[in-house]
Amino acid sequence: MIKAILIFNNHGKPRLSKFYQRYSEDTQQQIIRETFHLVSKRDENVCNFLEGGLLIGGSDNKLIYRHYATLYFVFCVDSSESELGILDLIQVFVETLDKCFENVCELDLIFHVDKVHNILAEMVMGGMVLETNMNEIVTQIDAQNKLEKSETFIFQSPRQAGRQRLV
Amino acid sequence: MALKMVKGSIDRMFDKNLQDLVRGIRNHKEDEAKYISQCIDEIKQELKQDNIAVKANAVCKLTYLQMLGYDISWAAFNIIEVMSASKFTFKRIGYLAASQCFHEGTDVIMLTTNQIRKDLSSPNQYDTGVALTGLSCFVTPDLARDLANDIMTLMSHTKPYIRKKAVLIMYKVFLKYPESLRPAFPRLKEKLEDPDPGVQSAAVNVICELARRNPKNYLSLAPLFFKLMTSSTNNWVLIKIIKLFGALTPLEPRLGKKLIEPLTNLIHSTSAMSLLYECVNTVIAVLISLSSGMPNHSASIQLCVQKLRILIEDSDQNLKYLGLLAMSKILKTHPKSVQSHKDLILQCLDDKDESIRLRALDLLYGMVSKKNLMEIVKKLMIHVDKAEGTTYRDELLTKIIDICSQSNYQYITNFEWYISILVELTRLEGTRHGHLIAAQMLDVAIRVKAIRKFAVSQMAMLLDNAHLIASNTQRNGICEVLYAAAWICGEFSEHLEEANQTLEAMLRPKVTTLPGHIQAVYVQNMVKLYASILQQKEQAGEKEAAQEITQLMIERLPQFVQSADLEVQERASCILQLIKYIQKLQVKEVPVAEEVIALFAGELNPVAPKAQKKVPVPEGLDLDAWINEPPSDSESEDEKPKTIFHEEEQRHSRHRQPEIDEEELARRREARKQEQANNPFYIKSSPSPQKRYQDTPGVEHIPVVQIDLSVPLKVPGMPMSDQYVKLEEERRHKQKLEKDKKKKKQKKEKRGKHHRHNSLHTESEEDIAPAHHVDIITEEMPENALPSDEDDKDPNDPYKALDIDLDKPLADSEKLPVQRHRNVETLKSPDSEVPLVEKKSKKPKKKEKKHKDKERDKGKKKEKEKKVVEEEEEEEEKKGEDLDFWLSTAPPTAPTPQAQSEPGTGTAVVAESQEVKKEEREEQDEEEEDEGKKSSKHKKKKHKKEKEEKSKDKKKSKKKSHHSEEEPPVSVQNGTLEDEPLPPMSSYRLLAENPYIKMTYDIQGNLQNDSQVTVSVIFENKSTSFLKSMELNVLDSLNTKMLRPEGSSVHDGIPVPFQLPPGISNEAQFVFTLQSIVMAQKLKGTLSFIVKNDEGSTHEKLDFKLHFSCASYLITTPCYSDAFAKLLESGDLHMSSIKVDGISISFQHLLAKICFHHHFSVVERVDSCASMYSRSIQGHHVCLLVKKGENSVSIDGKCNDSTLLSNLLDEMKETLSKC
């Protein structure tokens, strides 16, 4: 099981947090901070596994992370996941983001965290890996975007709605 | 003007979408919190709007704020509103927000049930998908219960996209609602063979996750997974399956044997490191499970170790890390294969990555042997010196201590060396682990008697150099060793050579700067030292010297009396008084030494850490009962100081107030001895000689020690431990030479196969004898300690609820709660319309059966392929046997292609599928017809669904009839018309029970044979032993006989075709033939079995009485109202009736009970009156008219046979009177 997926930047600012276990908002922030603290002090050329932080579930858990430019992608998983498999999954995730956002950069994640969530939802569901095939994920995302677009022209944009009300 | 303001603010409000919010926050870096609270106010305004688009926008922003740590649970209701929007765009926003912030404590979550159900059945697959994704994050037990059935239906959705999501979410449903596991499992299992690889992978994922927690319940799936493993090319699936096998092999060693070959093939062939790594891991697990049985897998071990070495040598740190991790697993069972890579692992200690260094340290922990311990520790000591940063150095220190002390100092051959290592460690700068070193020193000195002399000399040295250790004030940690040093010198003062010097060292003024608890130990042990010096001097007749030492004490002790630490002060003043008294006696020339030393008589034995817990509570002692009535509040306050004092006294129970009165002293001594005799903690495990004050402090009672006194204690320029390493090497060399000599002698004497064996292991551990005879005193346990071992399993473990036996056939009561509509109550004849409602509970059962059949087929095919002797296939083959069978055949086979080549089974399959198709066509026709009739769209859908399920049932029952089972095709309306839930019912009744085994049974009539019934018996092993060679025998009656294999006599039992490991249950079936069925029958019988456990095996027997009720001869048969009426009119039925009073259950329950326990079906029901029908295996018609009054029920029955009828009614009366 995947317990949590975190994305934060080099300064520890969260860009996405997805917890598959219930934590209060305060605890979530604490976990993000602690994880950032653990991960950020590691050199570039050391291994990508960390024996679990203190906050997120006992000795069975591991942090598996990758560092891309300004962003850290951290998966907290238990022993039923393959370490190398998760590393591959992170790679797939980033590549999918790259495809969906066309040359993804931190700004995309900052302004479109909802889209990142939607992409993630096609890969991991409730803490379990749903799909690992990038093409399949992209197809589903595209189809959903299309569906969204087809809906937008039917309803009025919020701005118009507001104006209409005033008249 | 006002309008303008309003317009402006509203405009601004609507302008702000998520991007604007993010931008705004970035622009307000200084007053972010203020800005956000402003935004939240705006969002609150937006949520008040009616426009769903505005609301969705607001919720979207809230989701972002949630990530930043803001609690948004106040908007839960608005989130639900957005979830229920019709547009996918909004719905998705709503579900995302819900998945981020809903949890079991969210009170409005119960409002979502219907919305989610609606979305799940939405025609748009993405609505369904988004609902499933959201639900997976916030499913609660209530939601799981209510939606389990809907989700289960989705597992067979046409779109793989939905199927895979539905399959995955089932895991969450199981977790929250464990009752759903058994009914849903058959379908989940089907999904393992789904044509879509994504769905397959999801199913594998879920089952692996389930099996990881409770592996034994999933053993029977091993053949299926094996097939998947050999056929799948998806690395994700493979990894999961291989991981699962890793969890299963410890339970079934035979599985391991089967796995080795394909796994090694994969290791050789795969290019994916992740897969390779998991394969290696599982091979290791297999080898571990086999290690006891078969030593012949050295090739596989070598392969693993070799592959791991490649990983560890890789430049990729990740592979290095994992390699070390896996290596540590091999280490546990095959230490020798890993030890040869010691160089590599020691090299990893220099790695710049701390994770890798720590892993390597872990490995070293397991790699030590008697042979290499000294060498490894020496290397570690070098690392300690080099290590940067105190944390890593502390880690090294603890590891050194762990390594040396593991399993009761098993690997230490020379304790002198170990003590000197500990002493060396005290020189570490700024360690936090002083107490660890101290604890080791104490432990070794107490438990290794032979080392005491050496330890004392070393500790005396430490005390002498205490200023070095204590000088550096900020490294307080290390002073702890002085605590140990002082205690050891005091307690074992008889070994001290220069006691005077040590005593003086302890009395130095500098000591008062030490922490209080250490000073307290100093003070206490000074007296011990003093006592032994006194004795020495007195025996030597040096009265002067004795008085001198007393004087020294009296001079120096006052500095402790002034201590700020209460403990130190108290002890010091007591002791000072005692010594002043001694001085008085000395002046009078009274010999006092023996009396003084008597204060410290008796030996302190180490007590096992769990000893207290293991003291059994004596019978009749209630620990919770008050000894005295609880005092009132005011009193308890008064008593408080007293209790504190009392505790203090207990903590230092060894510290007794010195008494001046000699008589009192003697009395106390007696009392103490008495106490020790009675105290379970003082009962010695081995009768080691007790220290007595009458004994001369000679060497007699010190165990025989050959300490090599040629060892110089201080060698300049070389750390002491190294000296020992050198000496040890020499010693071993000498030993070896001696051995060789002996061996040569032996060679001359006898030349056998023995010799070769010896020469192979010349360097093996056994050959290294410890330097001196070491007796490690084992820790004491109380007398009659309970063997109950820890296993304190967490009762709150959520996975424990999922420990459910999945092989047991489904009981009728087990079904998923289904939402049902009220249905038309009367039924017409089959030609007019198919009954709409069915006994749904039957469904899962049949599915299970179907599976059994499938597997049986598989078994058959394999059997034929293998050209195994054509044994008549046993009629009742069970899954468990399938597994056994599968495990016993050697190479894996892919059954599908060969199946076609089998003419017999092949045609059967074809015929089956044709039939299924026909069914489907019929079904479709009916559906169209149906749809034409119904107008309400919703209703139509509902019916459709029901039909689908029903048709499946039909197909299954058709299929089943091929295999000539006893079940008739059932489509019965069984009174379960109302929404009211039925209480759980099981048709299995208790047959017999003893501490080993429990048997429950059920009898079913056989439609194909009018004189046979099948008795299904579930055997449940309740013990912790293995049950085997079970044999069931009954004493046949004239009427009823057990069907035995041909050629066996009436007295032969029938062997139960399986064995039972502890806690497992399994079902076996026995066929009985009977002549008359009009009367109930009872047969006496015996089950004999062998109980096998660690102590051996015993033969056990269990007697039982098998009760064949008349109802067990009935077969639930549907009957339509018109046929029923005709039957009643025919007039050739006998009639009888009963009346039962005091019925409190509802009519529906009552009918359900009759249906379930007596195998009837409801023909027609009007209000509180129902007609029912059943048929016996010999073709008797039984018709009932059940009427319910206020508190009573009357049953009128008609049947071809009056005896049968009256017996049946009697049985019914008994059932109903229990209600």
Side-chain angles (χ1 to χ4, degrees), chain A residues 1 14-20 22 24-26 28-29 32 42-43 45-51 79-85 87-88 110-114 117-118 121-122 125-133 136 140 143-144 147-148 151-152 154-159 161-163 165-166, chain B residues 7 10-11 13-15 17-19 22-23 51 53-54 57 60 63-64 66-71 87-89 92-93 96 100 103-104 124 126 132-133 136-137 161 164-165 168-169 171-172 198 202 205-206 208-209 212 236 239 243 273-274 277-278 317-318 320-322 352-356:
Chain A
M1 286 275 281
R15 296 303 177 214
L16 174 127
S17 68
K18 182 90 207 165
F19 290 87
Y20 295 103
R22 167 69 193 162
S24 73
E25 272 74 16
D26 288 343
Q28 290 186 1
Q29 293 303 308
I32 295 172
R42 291 174 65 83
D43 289 338
N45 48 4
V46 299
C47 77
N48 299 87
F49 315 117
L50 261 171
E51 244 108 300
S79 62
S80 74
E81 300 297 336
S82 145
E83 291 89 346
L84 295 171
L87 277 181
D88 286 349
I110 294 172
F111 286 107
H112 301 284
V113 66
D114 50 338
H117 267 296
N118 294 336
E122 294 301 323
M125 188 175 130
M128 283 184 286
V129 180
L130 179 69
E131 185 58 67
T132 50
N133 181 341
E136 172 69 20
Q140 299 299 349
Q144 289 177 39
L147 179 63
E148 210 173 47
E151 282 177 353
T152 38
I154 304 171
F155 70 82
Q156 291 141 327
S157 74
R159 192 188 305 235
R163 281 201 181 130
R165 194 166 290 257
L166 275 176
Chain B
K7 187 175 185 281
I10 288 177
D11 252 348
M13 193 149 69
F14 290 140
D15 269 341
N17 58 14
L18 176 61
Q19 282 74 39
V22 176
R23 210 166 286 130
N51 190 319
V54 180
N57 185 42
C60 185
T63 313
Y64 180 80
Q66 194 273 343
M67 182 180 77
L68 299 185
Y70 289 85
D71 180 16
K87 299 264 187 316
F88 170 73
T89 320
R92 181 155 77 168
I93 291 170
L96 174 61
Q100 292 295 86
H103 53 93
E104 281 186 24
N124 179 351
Y126 292 113
L132 285 172
T133 307
S136 72
C137 290
Y161 178 74
K164 71 181 176 195
K165 286 195 171 196
L168 265 197
I169 203 178
Y171 178 66
K172 295 277 174 167
N205 217 332
V206 170
C208 289
E209 204 62 53
R212 199 166 73 92
W236 275 94
I239 286 174
K243 263 184 171 285
M273 274 302 184
S274 47
Y277 174 68
E278 294 306 337
Q317 298 285 329
N318 293 327
K320 199 183 276 265
Y321 174 86
L322 293 176
K352 53 195 172 302
D353 186 350
E354 201 175 295
S355 313
I356 285 174

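The structure displayed is predicted, hence computed values, not measured ones. Residue numbering restarts at 1 for every chain, and letters A, B, ... go by the order of the sequence lines. In what follows, every heavy atom counts, from backbone to side chain, and hydrogens, waters and symmetry copies are set aside.
Summarising the geometry, atom OH belonging to B:Y64 is positioned 13.0 Å from atom CD belonging to B:Q100; distances are rounded to the nearest 0.5 Å.
A pairwise comparison of heavy atoms in A:M125 and B:K165 identifies CE-O, 3.2 Å as the closest pair.
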What verdict does the side-chain contact (heavy atoms from CB on, under 4.5 Å) test give for A:I110 and A:R15, after you've listed the backbone C-alpha separation in whole Å, the side-chain angles of each residue and the deciding distance to 0.1 Å? CA-CA 6 Å; A:I110 294 172; A:R15 296 303 177 214; 3.5 Å; yes
Pair B:N318-A:E83, side-chain contact (heavy atoms from CB on, under 4.5 Å): steps then yes or no: CA-CA 9 Å; B:N318 293 327; A:E83 291 89 346; over 6 Å; no
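Of the listed residues (A:D43, A:N45, A:L87), the one with the most heavy-atom contacts under 4.5 Å to chain B is A:N45. When the candidates B:E209, B:E278, B:K352 are compared by the number of heavy-atom contacts under 4.5 Å with chain A, B:E209 comes out ahead. The candidate from B:Y171, B:Y70, B:W236 with the greatest count of non-hydrogen atom pairs under 4.5 Å with chain A is B:W236. Of all the listed residues (B:L68, B:I93, B:T63), the one sharing the greatest number of non-hydrogen pairs under 4.5 Å with chain A is B:L68.
Side chain of A:R42 to main chain of A:C47: a donor-acceptor pair is present (N/O by atom type, distance under 3.5 Å, no hydrogens or angles). Side-chain atoms of B:K87 never come within 3.5 Å of backbone atoms of A:E151 as a donor-acceptor pair (strictly under, hydrogens ignored).
Using a 4.5 Å cut-off between heavy atoms, B:K320 makes no contact with chain A at all. Using a 4.5 Å cut-off between heavy atoms, B:F88 contacts chain A through both its backbone and its side chain. Interface remark: A:Q29 contributes side-chain atoms only to the contact with chain B (heavy atom separation under 4.5 Å). Only the side chain of A:D88 comes within contact range of chain B, with heavy atoms under 4.5 Å apart. B:L168 touches chain A through backbone and side chain together, each having a heavy atom under 4.5 Å away. Contacts between A:D114 and chain B at a heavy-atom distance below 4.5 Å involve backbone atoms as well as side-chain atoms. In this structure, no portion of B:E104 lies under 4.5 Å from any heavy atom of chain A. In this structure, no portion of A:S24 lies under 4.5 Å from any heavy atom of chain B. Both the backbone and the side chain of B:R23 have a heavy atom closer than 4.5 Å to some heavy atom of chain A. Using a 4.5 Å cut-off between heavy atoms, B:K243 touches chain A through its side chain atoms alone.
Contacts of A:K18 classified as salt bridge (Lys or Arg N to Asp or Glu O under 4.0 Å), with partners at least two apart in sequence or in another chain: none.
Using a 3.5 Å distance cut-off with no hydrogens or angles, the side chains of A:E131 and A:Q140 do not pair a donor with an acceptor. B:Y161 and A:E136 form no side-chain donor-acceptor contact under 3.5 Å, judged by distance and modelled atom types alone.
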